[in-house]
Every structure is written in structure tokens, then in C-alpha cells.
J.: 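Handing you this structure, nothing more for now.
By convention in this document, chain letters (A, B, ...) are assigned in the order of the sequence lines, proteins followed by strands, and residues within each chain are numbered from 1. Computed from a predicted structure; not experimentally measured. Keep in mind that the numbers below use all heavy atoms, side chains included, and drop hydrogens, waters and symmetry copies.
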Number of protein chains: 2
Amino acid sequence: MNEIEVFRKYVKESGLRNTPEREVIIEEIFLTHDHFDVDTLYLCLKNKKCSISKASIYRTIPLLIESGLIKEVFFEDGHMHYEHVLGHEHHCHFRCLGCGRIIEFKQDEVMDIEKKFSRSHGFEVTGHKLELFGYCRECLKKQGKDRKISTTDRVDID
Amino acid sequence: MNEIEVFRKYVKESGLRNTPEREVIIEEIFLTHDHFDVDTLYLCLKNKKCSISKASIYRTIPLLIESGLIKEVFFEDGHMHYEHVLGHEHHCHFRCLGCGRIIEFKQDEVMDIEKKFSRSHGFEVTGHKLELFGYCRECLKKQGKDRKISTTDRVDID
DNA sequence: ATTATTATTGAGAATCTATTGCAATAATAA
DNA sequence: TTATTATTGCAATAGATTCTCAATAATAAT
Ligand SMILES: [Mn+2]
Ligand SMILES: [Mn+2]
Ligand SMILES: [Zn+2]
Ligand SMILES: [Zn+2]
């Protein structure tokens, strides 16, 4: 099932109605793997002459989250940023405090943390969000500093 | 050094000026370990007759973050929530999707993830934010469901 | 196909959060 | 004590999101 089919199934089961506007929004979101926000999505569609009102975009986003197509990634510059989920492996984010760049990385160890916490508390853990902060290599170079090597660090770089 | 002393040092070194308003804000924040937002902080102070304008609170928060006294914890209900840092051990948060409750927990394994990422990318990692999502025991009971036990789960509960 | 029902749309108004301009005040240094 | 200027409170403003409402259109029923 692709994203459109998933959404059609979702609206049917929820007693909602599908519309061309919603499918245009979904198609635009799944064109790239980039993070996005409401305004850039709105302007993208506007430039492509398939203009959709901001109200409709704001009203569609909760449906896309509910149907598992997208999720919130981070809040920045006064508004939320999203990414699509379907067909995009789960990953974590590193944010460079110097240049603002976001780097994605996969990390299976977080699953162990989920399980450990779930066991010890008797809770059901359905997901997580992990964000690392720091400085990317370019920003470290720019400052003339190399990465701080901690004493517990291995010396060989893999 | 307590929080007031840390802040006095910070304003001196930054060429700013300390004020009674700022110290009242800091004292209120460090009265409890609860998460807080601007509005509850504002109303708390208003009720205690040491009213301070919202503008001053908004202007003070970046200074408190910069001086390491507080940090952003999560964005919810359309605005940011904070917690104080000094004298409060670093921890992660579990958010119950049923009742909205936030549960704090400590988790050293994230440090390993930081180091691993730092080594493999040559970045400097200065911090992280880990949030788990799911359902707390009370919410699972309310739904008549127990926690799903995955096949990889150990059976003995520690 | 036609009709009835009602969810959805777009435009703008309203709301809410956060920032900013400004005159009065007050913290620091001279 | 005086001079300098950061800070304050208030109100105005900006920006993000939600809401109102009339027109439209997706679905179900006939
Ligand atoms: Mn991502
Ligand atoms: Mn906390
Ligand atoms: Zn960078
Ligand atoms: Zn709960």
C-alpha cells in the first residue's frame, strides 16, 4: 500500500471523506524525504499552481499524523516541522548548534532502552524521539577546534 | 554556588545587570522540580503579589537558558515547557499518550549512543533529548489491556 | 442518474503565543 | 552624587494556528 492507498483506507474507516486537496498535499509531502513545515508546503503547492488554502493544510496535518503517514519532528523558528514516515526508516536526529544543520542517523540501541524502561515500569512503549545536540565537523574546523576526545573514548575511529 | 549566585556571576560576566525581578523569577522556578511554562510561572507570581510582566519573563528565559539554569523540555499545547537544570540530575521523559502524564527516568545508555555517534562522524556531541511515548500502567488497566509482551522480552521483571 | 446529507473547502476573522517600541525607572560605574 | 544605559511595564505588533461561515462537493440513499 502506498501513501495514497493508506490514506484512502484511513478516511473510509474513520467515516471521513477523501478529497483531491488532501491527495495533492500527500503527493507533495512524499515527493522528497526532506523535513517540512506548513509554510514551505503551502508555498510549494502555490508555485505549482495547485494552490491549497493554509486552513486546509492545517486541517489535514492531524489526519496525516493519525493515519501514520507523517509525524512531528521538531519545533523550530516558532513552528512545527514534520517528516513523512511511510517508506522512511525510523531514525534519530543530530542538530548542529553552530550551523543549524540536521543530520539523521539510525540507532538500534534506543530499542533496548525502550524495552528496559517498559519492563521496569510495566508501561507499553510505542515509540521514541531522540535528538543529539552539538557541533558538526565543519563547525568545529571553522572554530579551529577539533572534537574533544574524552578519556573514556576509544582512540581508533571506525 | 546556588542558582542566584550562578545567575549573578553570569550577568556580571555578560555585561548585563541583575534585577530583583529576575531573582524573583529564578526563586520561583527553583521552588519545585516541576516542569513549567511562561503562563503558569506568570500566574504563580501574580498570585503571590510579586507580579512581574510577561514581557520580562519572556525576556528573562533566554538568559536563564544561556546561564545554564533552565532548559527547554518539550513543546506542548502550543507553547514551550521548561525545567530547571542546576541541582537536578539529567533525565529522560516518558509521555503517556493516554493521560498525558510525563514520567522522568534516568538512562545512562544514551551516553554510549552519543559517544558512538561522535566517534563515527567526528562531531562533538554536547547533549541529548530522549522522549519515549506509550501508555502508563493506569491507562493500560483502564483499557483492560496489559502491556504487550514482545517475544524478545525477558519474562522475569526486575 | 438524481437527490439528500453533511464533511470539506477557502477566505477572513479571531485567538493565542511571543516579540518589540517606547517612555519611565533603576542598576551599575565614574 | 551624577552619568550612563540596561531593564521594566505597557501596549502595539507579528506570526502561527484555529475558528466562523457560506459555498461546494464527496458519499450514500433513492
Ligand atoms: Mn528525519
Ligand atoms: Mn523533567
Ligand atoms: Zn554545523
Ligand atoms: Zn496514562
J.: Mind checking who C:dA30 pairs with, Watson-Crick or G-U wobble, both distances under 3.5 Å?
T.: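 Per the H-bond distance test, D:dT1.
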
J.: Without decimals, in angstroms, what is the distance between A:Arg17 CZ and C:dA7 C1'?
T.: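 Computing the A:Arg17:CZ to C:dA7:C1' distance gives 4 Å.
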
J.: Answer with base, sugar-phosphate or nothing: what part of the nucleic acid does A:Asn18 contact at a heavy-atom distance below 4.0 Å?
T.: sugar-phosphate

J.: Report the distance from atom CD1 of A:Ile57 to atom C1' of C:dA11, rounded to the nearest whole Å.
T.: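 For the pair A:Ile57 CD1 and C:dA11 C1', the rounded distance is 14 Å.
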
J.: From CZ of A:Phe7 over to P of C:dA7, roughly how many Å is that when rounded to an integer?
T.: 15 Å

J.: We want to know whether A:Glu114 and A:His128 form a side-chain donor-acceptor pair, criterion being a heavy-atom distance below 3.5 angstrom.
T.: yes

J.: What is the distance, rounded to the nearest whole Å, between atom NZ of B:Lys54 and atom P of D:dA11?
T.: 14 Å

J.: Do we see a donor-acceptor contact under 3.5 Å between the side chains of B:His91 and B:Glu104?
T.: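 Yes, because at least one side-chain N or O of B:His91 sits under 3.5 Å from a partner of the opposite role on B:Glu104.
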
J.: Answer yes when A:Glu138 and A:Lys142 have at least one side-chain N-carboxylate O distance shorter than 4.0 Å, and no when they do not.
T.: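 Salt bridge: no.
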
J.: So that I can tick it off, tell me whether A:Glu28 and A:Lys48 are bridged by a salt bridge, with the cut-off set at under 4.0 angstrom between side-chain N and carboxylate O.
T.: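 Between A:Glu28 and A:Lys48 there is a salt bridge, with a charged N closer than 4.0 Å to a carboxylate O.
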
J.: Check if the side chain of B:Arg22 and the base of D:dT7 share a donor-acceptor pair of N or O atoms closer than 3.5 Å.
T.: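 Under the 3.5 Å cut-off, the side chain and the base do not form any donor-acceptor pair.
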
J.: More 5' along DNA chain C: A:Arg59 or B:Thr19, using each one's nearest nucleotide?
T.: A:Arg59

J.: So does B:Ser53 get a side-chain nitrogen or oxygen closer than 4.0 Å to the phosphate oxygens (OP1/OP2) of D:dT8?
T.: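 For B:Ser53, the contact criterion (side-chain N or O under 4.0 Å from OP1 or OP2 of D:dT8) is not met.
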
J.: Let's test this: given Watson-Crick or G-U wobble pairing with both distances under 3.5 Å, identify the partner of D:dC21.
T.: C:dG10

J.: Round to a whole Å and report the spacing from NZ of A:Lys12 to P of D:dT27.
T.: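 Checked: the NZ to P distance equals 7 Å.
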
J.: Write down the distance between CD (A:Glu21) and P (D:dA23), rounded to a whole number of angstrom.
T.: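 About 18 Å, once rounded to whole Å.
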
J.: I want to confirm an ordering. Mapping B:Val11 and B:Ala55 to their closest nucleotides on DNA chain D, which one lands closer to the 5' end?
T.: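 Here B:Val11 is the residue nearer the 5' end.
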
J.: Starting from C1' on D:dA16, measure out to OH on A:Tyr42 and report it in whole angstrom.
T.: 14 Å

J.: B:Tyr58 OH to D:dT13 P: how many Å, rounded?
T.: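 It is 19 Å, rounded to the nearest whole Å.
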
J.: Considering every strand and a 4.0 Å limit on heavy-atom distances, what is the contact class for B:Pro62: base, sugar-phosphate, or nothing?
T.: nothing

J.: Do A:Thr40 side-chain atoms and A:Phe36 backbone N/O form a donor-acceptor pair below 3.5 Å?
T.: no

